[in-house]
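Side chains are part of it too, since the values below use all heavy atoms of this structure and drop only hydrogens, waters and symmetry mates.
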Amino acid sequence: MEWLRRFQLPVDQGSEFAKHIDFMYMAIFWLSVVMFLGLMVPMFYFAWRYRYKPGRVTPHQTHNTMMELTWTVLPLLLCIVLFFWGIQSYMQFAVGPGESMEIQVTAKQWLWQFEFPDGTRAVNELHIPVNKPVHLVMTSEDVLHDFFIPDMRVKRDIVPGRYTEYWITPTTVGEH
């Protein structure tokens with residue numbers, strides 16, 4: 001099913017985090033497909049099976065507590081599982097290792113400024129080493145900005161007057 005992932009997520013995976021996010025995305029996608037078919041197939045079957053026929057009397061239906069509990073509790077449990085899977089993944093990638101390379105990122109109108117640990121600066125070009133954790137400390141000088149690296153599956157809002165932190169470990173070489 002790699003072709004389906006490549007179709008839905010056409011950008012390459014540039015980090016371990018991207019691989020994890022893509023796996024989660026595809027799992028939720030297939031869960032949605034199964035749930036959609038699990039609802040639509042019976043719906044169309046029952047709509048066809050019990051369609052209107054002149055003279056047929058509809059039997060009196062009573063309350064079914066077990067059925068109502070089932071269609072309430074199972075989706076609730078599914079949502080709880082998805083929540084904890086997501087929060088566990090978020091926490092796993094929210095705090096970087098202590099030996100990561102720290103890069104100061106400043107968002108300004110029409111440009112990004114990057115300051116590396118050795119004091120060098122770059123404008124609109126982020127150069128980071130492969131297989132080495134990188135800690136990004138981001139701030140904005142003027143307005144709200146979005147820091148987005150599609151290959152890394154990283155998107156963070158940068159708010160003026162606040163510091164936003166993120167860390168990544170790139171696994172491929174290329175333009176990010």
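- Across every non-hydrogen atom of Val134 and Ile103, the tightest pair is CG1-CD1, 3.6 Å.
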- prompt: Given Ile80 and Phe83, is the side-chain contact (heavy atoms from CB on, under 4.5 Å) satisfied, shown in steps?
  reply: CA-CA 5 Å; Ile80 290 171; Phe83 171 79; 5.6 Å; no
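- With 3.5 Å as the limit, one finds a donor-acceptor pair spanning the side chains of Thr65 and His63.
- Between the side chain of Ser15 and the main chain of Ile168, no donor-acceptor pair closer than 3.5 Å is present.
- One distance of note links CE of Met138 with NE2 of His135; it measures 8.5 Å at 0.5 Å rounding.
- Hydrophobic clustering, with ILVMFWY side chains joined whenever heavy atoms are under 4.5 angstrom apart, keeps Tyr166 apart from Val137.
- The two atoms that bring Thr172 and Val130 nearest to each other are O-CG2, 3.8 Å, heavy atoms only.
- For Tyr25 against Gln8, the heavy-atom pair with the smallest separation is CE2-OE1, 2.9 Å.
- The cluster map of Ile, Leu, Val, Met, Phe, Trp and Tyr, joined by side-chain heavy atoms under 4.5 Å apart, puts Phe29 and Phe7 in different clusters.
- Surrounding CE of Met35 are at most 12 heavy atoms belonging to other residues, nucleotides or ligands under 6.0 Å away.
- Rounded to the nearest 0.5 Å, atoms CE (Met43) and CG (Leu37) are 11.5 Å apart.
- When side chains are defined from C-beta on, Asn131 counts as touching Thr171, because their heavy atoms get closer than 4.5 Å.
- Between Phe147 and Asp157 the shortest side-chain heavy-atom distance does not fall below 4.5 Å.
- In this structure, Pro129 and Met101 approach most closely via the heavy-atom pair CD-CE, 3.8 Å.
- Proximity of a side-chain donor or acceptor of Trp167 to a complementary backbone N or O of Val95 within less than 3.5 Å is detected.
- Ring pair Trp112/Phe114 is parallel by interplanar angle, where below 30° counts as parallel and above 60° as perpendicular.
- Ring-plane geometry between Tyr45 and Trp48 is classed as tilted, the angle between the planes lying from 30 to 60 degrees on a 0 to 90 degree scale.
- Between Arg153 and Asp151 there is no salt bridge, since no side-chain nitrogen of the basic residue lies less than 4.0 Å from a carboxylate oxygen of the acidic one.
- When the shell of 6.0 Å around CZ of Arg56 is examined, it contains more than 12 heavy atoms from other residues, nucleotides or ligands.
- When the shell of 6.0 Å around CE of Met91 is examined, it contains 12 or fewer heavy atoms from other residues, nucleotides or ligands.
- Between Phe148 and Val154 the shortest side-chain heavy-atom distance does not fall below 4.5 Å.
- Judged by distance alone, with hydrogens and angles left aside, the side-chain atoms of Asp12 form no donor-acceptor pair with the main-chain N or O of Gly14 at under 3.5 Å.
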field: Residues Thr164, Thr139; criterion side-chain contact (heavy atoms from CB on, under 4.5 Å); working and verdict
entry: CA-CA 6 Å; Thr164 303; Thr139 190; over 6 Å; no
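- Taking CG from Asp142 and CH2 from Trp110, the interatomic distance works out to 10.0 Å, rounded to the nearest 0.5 Å.
- Put simply, Phe84 and Val73 are part of two different groups of oily side chains (I, L, V, M, F, W, Y) that touch within less than 4.5 Å, one to the next.
- The CG atom of Leu76 lies 15.5 Å from the CH2 atom of Trp71; values are rounded to the nearest 0.5 Å.
- The neighbour count for Tyr163 OH, taken as heavy atoms of other residues, nucleotides or ligands under 6.0 Å away, does not exceed 12.
- By the criterion of side-chain heavy atoms lying less than 4.5 angstrom apart, applied directly or through intervening Ile, Leu, Val, Met, Phe, Trp or Tyr residues, Leu4 is grouped together with Phe36 in one hydrophobic cluster.
- Under the 4.5 Å side-chain heavy-atom criterion for Ile, Leu, Val, Met, Phe, Trp and Tyr, Ile158 and Val143 are members of distinct hydrophobic clusters.
- In the displayed structure, Met40 atom CE is contacted under 6.0 Å by more than 12 heavy atoms of other residues, nucleotides or ligands.
- Rounding to the nearest 0.5 Å gives a distance of 11.0 Å between CE of Met152 and CD of Glu16.
- Judged purely by atom type and a 3.5 angstrom limit, Thr72 uses its side chain to pair as donor or acceptor with the backbone of Glu68.
- Using a 4.5 Å cut-off on side-chain heavy atoms (C-beta onward), Ser89 and His20 make contact.
- In summary, Asp146 and Arg156 do not engage in a salt bridge, as defined by a charged side-chain N under 4.0 Å from a carboxylate O.
- With 3.5 Å as the limit, one finds no donor-acceptor pair spanning the side chains of Glu115 and Gln113.
- In this structure, CG in Leu78 is found 5.0 Å from CG in Leu31, a value given to the nearest 0.5 Å.
- Heavy-atom minimum distance, Asp22 versus Gln13: OD2-NE2, 2.7 Å.
- In terms of heavy-atom proximity, Ile128 sits nearest to Pro170 at CD1-CG, 3.5 Å.
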